[in-house]
Engineer: 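Before I ask anything, let me first share the structure, which is written out below as structure tokens.
None of these values were measured; they are calculated from a predicted model.
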2 protein chains.
Amino acid sequence: MALISKSCEYGLRAALFIAARGDNGFVPIHDISRDLGISFHFLTKILQKLTQNGLLKSYRGPSGGIALARKAHDISLLEIVRAIEEHDIFSTCVLGLKNCGDSTPCPLHQHWARERTRIESSFGSMTLDKLSKPIANGTLRLTD
Amino acid sequence: MALISKSCEYGLRAALFIAARGDNGFVPIHDISRDLGISFHFLTKILQKLTQNGLLKSYRGPSGGIALARKAHDISLLEIVRAIEEHDIFSTCVLGLKNCGDSTPCPLHQHWARERTRIESSFGSMTLDKLSKPIANGTLRLTD
DNA sequence: ATGTTAAAAGAGTCTTTTGTCTTAATATGA
DNA sequence: TCATATTAAGACAAAAGACTCTTTTAACAT
Ligand code: SF4
Ligand code: SF4
């Protein structure tokens, strides 16, 4: 019972990690993997999704790695979640019913639809630069 | 990416179904399974958890089945979720970090901790009787 | 050219969740 | 007693998710 999948957690943490570095150079995935304690090969595939969706850019060869494709203030956590998760929590039902919507409500709709949009806009308002600053300060953590 | 597991969805729907019947008789699991389109044996095991946790009571043999163990106004969805899910979404982190808490916050804490408790109290305030009335009316649905 | 560093791609394994099937155990009624 | 209806329990199978390993491709340095 987790809001987002492991893949998504890893993707978010990696993106925040890259943003927290501040410099615009390419960070090797191996470094991210080591510092965050995430399996290298697994993380690689997750980050591939993010580059394919235009959120990150990659560069091969020596001194290559991964970098933000846009400015940190222009990338929201919502975009990252959407790029990694195939099904969208923000448009699915708590009860898992199909054809979910105001016209065919299930008993939890009144409550859940409100929470759902609240969480969605919350994720939409969180940008990498807002969240990564306190990480760089050492105030907030990205690991256990 | 779902807030709750399939098992939990099924458990909630079944509990609402039983509550919507109104009468205090035992409902055979087979009936619930058929009407809600849930695998009989799978549902049986989920409902066993609920009876073991004192939310439902069961009776074997002819005209046996499952019934609410307490009054419908006294059973909240939160209790049902807690009985079925082993890990508790309301105390885990979006980023999956351990030792989650105000003293060791991750970057999303400020946002997530608030949503988390909001959802928890929402589930706590939803009781079977409140939600099942409109189902009995035919206003709200429990199936696709 | 050749070797080294790094991401990309894809096959394969392990684990958890979901679902099926079979066999008990319990209650009822003829 | 015996047949029937029902939950309980547990073994098993299938699917999805999480993770590992190997090979390929790209970039750079010498
Ligand atoms: S009606 Fe609302 S609560 Fe029910 S399935 Fe649709 S979105 Fe979810
Ligand atoms: S500090 Fe908040 S956001 Fe971070 S892991 Fe704990 S609950 Fe989650």
Engineer: Select one nucleotide: of C:dT18, C:dA7, D:dC19, the one nearest the side-chain heavy atoms of A:Phe40.
Structural biologist: C:dA7

Engineer: Measuring from the side chain of A:Ile29 (C-beta onward, heavy atoms only), which nucleotide among C:dA7, D:dA9, C:dA8 has the closest atom?
Structural biologist: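 When the side chain of A:Ile29 is considered, C:dA7 is the closest of C:dA7, D:dA9, C:dA8.
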
Engineer: What nucleotide among D:dG17, D:dA26, C:dA25 has an atom nearest to a side-chain atom of A:Arg60?
Structural biologist: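 Between D:dG17, D:dA26, C:dA25, the one nearest the side chain of A:Arg60 would be D:dA26.
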
Engineer: Can you tell me how far C1' of D:dT6 sits from NE2 of B:His41, to the nearest Å?
Structural biologist: 12 Å

Engineer: Choose from C:dA27, D:dC19, C:dG19 the nucleotide whose nearest atom is closest to any side-chain atom of B:Pro62.
Structural biologist: C:dA27

Engineer: Looking at every strand, decide which applies to A:Gln52 at a 4.0 Å heavy-atom threshold: base, sugar-phosphate, or nothing.
Structural biologist: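 Sugar-phosphate contact only - A:Gln52 comes under 4.0 Å of backbone atoms but never of a base.
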
Engineer: Does a side-chain N or O from B:Ser58 land closer than 4.0 Å to OP1 or OP2 of D:dA8, or not?
Structural biologist: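 Answer yes for this pair, as a side-chain N or O of B:Ser58 is under 4.0 Å from OP1 or OP2.
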
Engineer: Using a cut-off of less than 4.0 Å, is there contact between a side-chain N or O of B:Ser7 and OP1 or OP2 of C:dT17?
Structural biologist: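 Checking B:Ser7 against C:dT17: no side-chain N or O falls below 4.0 Å of OP1 or OP2.
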
Engineer: Give the nucleotide from the list C:dA25, C:dT20, D:dT20 with an atom nearest to the side chain of B:Lys45.
Structural biologist: C:dT20

Engineer: Touch check for A:Leu47, heavy atoms < 4.0 angstrom, all strands: base, sugar-phosphate only, or nothing?
Structural biologist: nothing

Engineer: In this structure, how many angstroms lie between the P atom of D:dT7 and the NE2 atom of B:His30, rounded?
Structural biologist: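 The answer, rounded to whole Å, is 10 Å.
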
Engineer: In terms of the angle between their ring planes, are B:Phe42 and B:Tyr10 parallel, tilted or perpendicular, with boundaries placed at 30° and 60°?
Structural biologist: perpendicular

Engineer: Of the nucleotides C:dA7, C:dA9, D:dA8, which has the atom closest to the A:Pro28 side chain?
Structural biologist: C:dA7

Engineer: If you take atom types as modelled and just measure distance, does the side chain of B:Lys57 reach the base of D:dT7 with a donor-acceptor pair under 3.5 Å?
Structural biologist: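 Per atom types, no contact qualifies.
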
Engineer: For C:dT20 and B:Ser39 - does any side-chain N or O of the residue sit under 4.0 Å from the phosphate oxygens OP1/OP2?
Structural biologist: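 For C:dT20, OP1 or OP2 has a side-chain N or O of B:Ser39 closer than 4.0 Å.
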
Engineer: After noting the C-alpha distance and the side-chain angles of A:Lys71 and A:Asp129, does the key distance pass the side-chain contact (heavy atoms from CB on, under 4.5 Å) rule?
Structural biologist: CA-CA 8 Å; A:Lys71 299 287 182 192; A:Asp129 78 315; over 6 Å; no

Engineer: So does A:Glu9 pair up with A:Lys6, basic N to acidic O under 4.0 Å?
Structural biologist: yes

Engineer: What distance separates B:Ser7 OG from B:Leu47 CG, expressed to the nearest 0.5 Å?
Structural biologist: 10.5 Å

Engineer: What is the distance, rounded to the nearest whole Å, between atom CD1 of B:Ile4 and atom P of C:dT17?
Structural biologist: 15 Å

Engineer: Rounded to whole angstrom units, what separation is found between the CD atom of A:Gln48 and the P atom of D:dA18?
Structural biologist: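 My rounded result for the distance is 17 Å.
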
Engineer: Rounded to whole angstrom units, what separation is found between the NE2 atom of B:His87 and the P atom of C:dT17?
Structural biologist: 7 Å

Engineer: Please tell me if A:Tyr10 has a side-chain N or O lying less than 4.0 Å from either OP1 or OP2 of D:dA18.
Structural biologist: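 Checking A:Tyr10 against D:dA18: no side-chain N or O falls below 4.0 Å of OP1 or OP2.
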
Engineer: Do other residues, nucleotides or ligands put more than 12 heavy atoms under 6.0 Å from the CG atom of A:Asp23?
Structural biologist: yes

Engineer: Starting at CD1 of A:Ile66 and ending at P of D:dA27, how long is that distance when rounded to a whole Å?
Structural biologist: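 After rounding, the reported distance stands at 14 Å.
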
Engineer: Across the strands shown, which category fits A:Tyr59 at heavy-atom distances under 4.0 angstrom: base, sugar-phosphate, nothing?
Structural biologist: sugar-phosphate

Engineer: What is the distance from CZ of A:Phe26 to C1' of C:dA6, rounded to the nearest Å?
Structural biologist: 12 Å

Engineer: Given atom NZ of B:Lys49 and atom P of D:dA9, what is their separation to the nearest angstrom?
Structural biologist: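 Rounding to the nearest Å, NZ of B:Lys49 and P of D:dA9 are 13 Å apart.
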
Engineer: Salt-bridged, B:Arg82 to B:Glu120, with N to O below 4.0 Å?
Structural biologist: yes

